[in-house]
2 protein chains.
Amino acid sequence: MQPKIKDVARLAGVSVTTVSRVLNGEKYVKDDLKHKVNLAIEELGYAPSHIARSLVRNKTNLIGVIVPDITSSFYATILSSIEEAASANDYNLLVCNISEDIDKEYKYLNVFQEMRVEGIIIMHEKINEEIRNLIHKMKIPVIFSSVKPMDQQFVSVIVDDYKAAYDATTYLIELGHEEIGFIGGDMRDITSGQNRYSGYRNALTSKGIRIIHEHIRFGDYKVKSGYAQMKELLRVSQRPTAVFAVSDDMAVGAMNCIRDHNLRVPEDISVIGFDGSQLTELTRPTLTSMEQPIHEMGKETMRLLLHQVETGEEPSGDLVLDHRLVARESCIPRKK
Amino acid sequence: MQPKIKDVARLAGVSVTTVSRVLNGEKYVKDDLKHKVNLAIEELGYAPSHIARSLVRNKTNLIGVIVPDITSSFYATILSSIEEAASANDYNLLVCNISEDIDKEYKYLNVFQEMRVEGIIIMHEKINEEIRNLIHKMKIPVIFSSVKPMDQQFVSVIVDDYKAAYDATTYLIELGHEEIGFIGGDMRDITSGQNRYSGYRNALTSKGIRIIHEHIRFGDYKVKSGYAQMKELLRVSQRPTAVFAVSDDMAVGAMNCIRDHNLRVPEDISVIGFDGSQLTELTRPTLTSMEQPIHEMGKETMRLLLHQVETGEEPSGDLVLDHRLVARESCIPRKK
DNA sequence: GTGAAAGCGCTAACAC
DNA sequence: GTGTTAGCGCTTTCAC
């Protein structure tokens with residue numbers, strides 16, 4: 001059993017109030033008493049109970065985070081910068097990795113409420129009716145990071161996914177490509193699904209390029225589905241000379257598929273990804289990608305959330321960060 | 001402000017005791033009262049305070065986890081299986097990503113103690129004197145996952161790193177290689193530093209192969225250092241025909257370096273990694289690796305920890321899991 | 001079956 | 001400057 005404040009008080013020969021005062025760095029405690037108390041704390045190895053403190057202060061310093069897949073480099077990186085910002089502000093993170101399991105998310109949101117977390121960060125946008133209602137009912141500040149769900153009331157920290165996809169596609173067009181394959185995300189996702197798809201389409205049509213239905217495929221953002229969808233694209237009679245995948249993971253899958261079919265990236269097919277994750281530098285050729293400011297995204301998410309937690313003011317709207325195309329080796333001009 | 005048990009009691013027209021009984025699924029509550037209570041709970045959106053419960057039950061259902069680098073695929077994967085096991089047993093995870101910052105670890109261990117976490121999982125072995133003393137003083141069950149620190153009192157879930165490295169090296173020898181480069185870890189680390197190094201050396205000497213000093217390099221397990229160390233190995237007059245890197249990340253760095261110097265893997269140099277992380281399947285050529293049972297490792301760590309938490313029995317010793325060589329494309333027999 | 005009240009470990013009035 | 005005490009939201013004897 002851990003020592004309590006009472007034990008410290010007894011050993012130091014003072015009241016619990018005095019101990020509490022020392023603990024909380026208040027003045028109005030004589031130096032010699034303060035010294036005695038610290039000695040007692042040291043001797044007992046006492047650490048004040050955060051539980052008891054939370055109860056009386058009505059403050060837990062806990063933030064709940066829901067990650068769709070922690071083994072993905074993109075989410076892991078956001079999470080690490082969220083953790084960094086939390087720690088710097090003396091908040092602690094309760095982490096839930098839902099791995100596509102909606103029930104688990106529901107369960108965890110309940111846990112968050114029971115734990116009285118002061119804020120919640122969610123990194124996916126597959127929010128169903130039930131979850132949406134629960135979130136609203138909980139009345140705990142929530143910020144979405146890297147995604148924007150349907151509900152307009154939710155605040156997000158994102159890039160302009162439409163524009164970013166538009167720019168990525170335009171880059172390929174400017175390299176001379178016209179048959180541009182697209183490996184999209186889940187069309188139930190607004191940001192990563194729909195918006196990126198629209199960006200791709202509009203970039204093509206605005207340059208007067210005809211959209212080829214067979215060049216459009218959809219995956220689940222993971223390496224394997226990038227591979228599988230690329231396989232389909234290679235089957236099309238009019239093979240694309242470039243491919244835009246809406247996640248770096250899928251882009252890597254696509255590159256591997258191309259290579260496994262004895263074609264070369266970028267000589268035969270250029271590939272551009274999306275996210276700017278660590279993977280971009282690991283592959284050979286290195287992967288050209290539409291970079292999201294991942295680190296900043298995590299940091300800003302936490303900043304917005306903590307501001308709301310501590311002031312009660314809701315953010316006035318989404319925070320849209322700048323995307324940036326980072327050209328590497330996987331895209332070259334179309335061969336004449 | 002969240003509703004309290006008192007509010008529920010008032011609305012349902014019963015005592016708080018009755019509400020508590022319904023909450024905890026006790027019998028001895030008439031059905032109609034139970035119904036009334038549930039209605040009130042629903043109406044108020046009441047969720048019992050985990051804080052208050054923890055205080056009275058003296059049980060937090062919290063596990064603290066210290067990860068050296070959450071953006072590494074290896075740790076992220078262990079973490080995700082730890083999270084899975086925790087969630088299945090109704091425990092929640094407080095996650096700390098220390099990223100080489102020992103002060104942060106010290107701070108977090110204190111937080112864990114204040115939070116009254118019931119158990120701690122640590123995934124690195126750079127435990128200094130101060131941290132070691134703190135851990136012992138805290139009297140909270142601790143299990144090390146994937147590493148074994150100096151202190152014999154600590155319990156670990158690991159593979160036999162010496163044997164695994166021995167086997168990896170032997171595999172290369174059996175493929176006909178004799179000039180085998182080694183990219184090791186931090187020699188202050190027992191398991192991933194020293195043991196793997198010894199395994200490498202002893203495999204060579206037991207086959208009567210002379211150890212070439214210039215073929216031995218040490219990195220920090222990350223991709224970049226694999227790249228940097230490989231660069232040095234390529235400078236050596238007697239260039240190795242195969243390389244064993246003690247992490248998949250470093251192996252990938254080495255492969256990239258080899259390729260960037262216009263040599264081929266595996267035709268010019270074979271590469272074997274260590275960990276069996278997701279990266280092994282992403283690279284081209286795919287990476288032969290000494291696989292640790294990552295998922296099982298996380299699961300077993302949690303099992304051991306929860307057993308200790310719930311019974312008070314300390315594990316009788318380390319749990320050593322089986323390693324397994326997974327041959328992929330990055331290693332071939334030495335050219336004659 | 002149900003309720004009153006003590007107490008979990010701490011903080012913060014309030015008194016001295 | 002220091003101590004006494006009520007109370008944070010819940011569970012759990014112990015009465016009824």
Side-chain angles (χ1 to χ4, degrees), chain A residues 1-38 40-41 44-62 110-118 138 140, chain B residues 1-38 40-41 44-62 110-118 138 140:
Chain A
M1 190 105 312
Q2 303 257 13
K4 319 158 192 322
I5 198 172
K6 222 173 167 178
D7 303 318
V8 177
R10 195 177 306 138
L11 184 60
V14 298
S15 74
V16 294
T17 312
T18 302
V19 178
S20 174
R21 287 198 176 110
V22 173
L23 249 30
N24 295 289
E26 281 178 40
K27 26 197 173 181
Y28 306 134
V29 182
K30 268 193 188 151
D31 279 354
D32 63 326
L33 279 197
K34 192 185 287 182
H35 186 64
K36 269 193 209 164
V37 168
N38 283 325
I41 288 176
L44 295 172
Y46 170 77
S49 160
H50 185 89
I51 309 290
R53 279 183 157 171
S54 297
L55 189 60
V56 50
R57 287 179 177 163
N58 199 22
K59 181 148 188 21
T60 59
N61 282 50
L62 243 33
N110 268 309
V111 169
F112 287 171
Q113 194 185 3
E114 296 189 352
M115 292 276 208
R116 303 295 190 257
V117 302
E118 300 184 39
M138 294 199 306
I140 299 176
Chain B
M1 188 103 317
Q2 304 258 12
K4 318 156 194 322
I5 198 173
K6 220 174 166 176
D7 302 318
V8 177
R10 195 177 305 136
L11 185 59
V14 298
S15 73
V16 294
T17 313
T18 302
V19 177
S20 174
R21 288 199 175 110
V22 172
L23 248 32
N24 296 288
E26 282 178 40
K27 25 197 172 180
Y28 307 133
V29 182
K30 268 193 190 153
D31 279 355
D32 64 325
L33 280 196
K34 192 184 285 180
H35 186 65
K36 268 193 209 165
V37 169
N38 283 325
I41 288 175
L44 294 171
Y46 170 78
S49 160
H50 185 90
I51 309 290
R53 280 184 156 173
S54 298
L55 190 61
V56 50
R57 289 179 177 165
N58 199 22
K59 178 142 189 28
T60 58
N61 282 52
L62 243 35
N110 268 308
V111 169
F112 287 171
Q113 195 185 2
E114 296 188 353
M115 291 278 205
R116 304 294 190 257
V117 303
E118 301 184 37
M138 292 199 308
I140 300 176

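To find a chain, count down the sequence lines: A is the first, B the second, and so on, and within it residues start at 1.
To the nearest 0.5 angstrom, A:H35 atom NE2 is 9.0 Å from A:D32 atom CG. To the nearest 0.5 angstrom, B:L11 atom CG is 13.0 Å from B:Y46 atom OH. Atom OG1 in B:T17 sits 10.0 Å away from atom CD in B:E26 (nearest 0.5 Å). Put simply, CE on A:M115 and OG on B:S54 are 7.0 Å apart, with the number rounded to the nearest 0.5 Å.
Following rounding to the nearest Å, B:E26 (CD) and D:dC14 (C1') show an atom-to-atom distance of 14 Å. With rounding to whole Å, B:H50 atom NE2 is found 16 Å from C:dG9 atom P. As rounded to whole Å, 13 Å separates atom P of C:dA12 from atom NZ of A:K59. Atom pair B:K30:NZ and C:dG3:P shows a separation of 10 Å (rounding to whole Å applied).
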Every protein N/O within reach of nucleotides 4-6 of chain D N/O, cut-off under 3.5 Å:
{"from": "D:dT4", "atom 1": "O4", "to": "A:T17", "atom 2": "OG1", "distance (Å)": "2.6"}

Every protein N/O within reach of nucleotides 7-10 of chain D N/O, cut-off under 3.5 Å:
{"from": "D:dG9", "atom 1": "OP1", "to": "B:K4", "atom 2": "NZ", "distance (Å)": "2.4"}
{"from": "D:dC10", "atom 1": "OP1", "to": "B:Y46", "atom 2": "OH", "distance (Å)": "2.6"}
{"from": "D:dC10", "atom 1": "OP1", "to": "B:S49", "atom 2": "N", "distance (Å)": "2.9"}
{"from": "D:dC10", "atom 1": "OP2", "to": "B:I5", "atom 2": "N", "distance (Å)": "2.4"}

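The shortest side-chain heavy-atom distance between A:K4 and A:V16 does not fall under the 4.5 Å cut-off. A 4.5 Å side-chain heavy-atom check between A:P48 and A:R53 finds at least one atom pair inside the cut-off.
At a threshold of 4.0 Å, the pair A:R10-A:D7 counts as salt-bridged, since one of the basic side-chain nitrogens sits closer than that to a carboxylate oxygen.
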Mind running side-chain contact (heavy atoms from CB on, under 4.5 Å) on B:K34 and B:D31 for me, showing each step along the way? CA-CA 5 Å; B:K34 192 184 285 180; B:D31 279 355; 4.3 Å; yes

Does B:L23 form a side-chain contact (heavy atoms from CB on, under 4.5 Å) with B:I41? I'd like the steps, not just the answer. CA-CA 10 Å; B:L23 248 32; B:I41 288 175; 3.5 Å; yes

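Comparing the start and finish of the helix from C:dG1-D:dC16 to C:dC16-D:dG1, five pairs each, the helix axis swings through 40°, to the nearest 10 degrees.
For A:E118 (side chain) and A:K59 (main-chain N/O), no donor-acceptor pair under 3.5 Å exists by modelled atom type.
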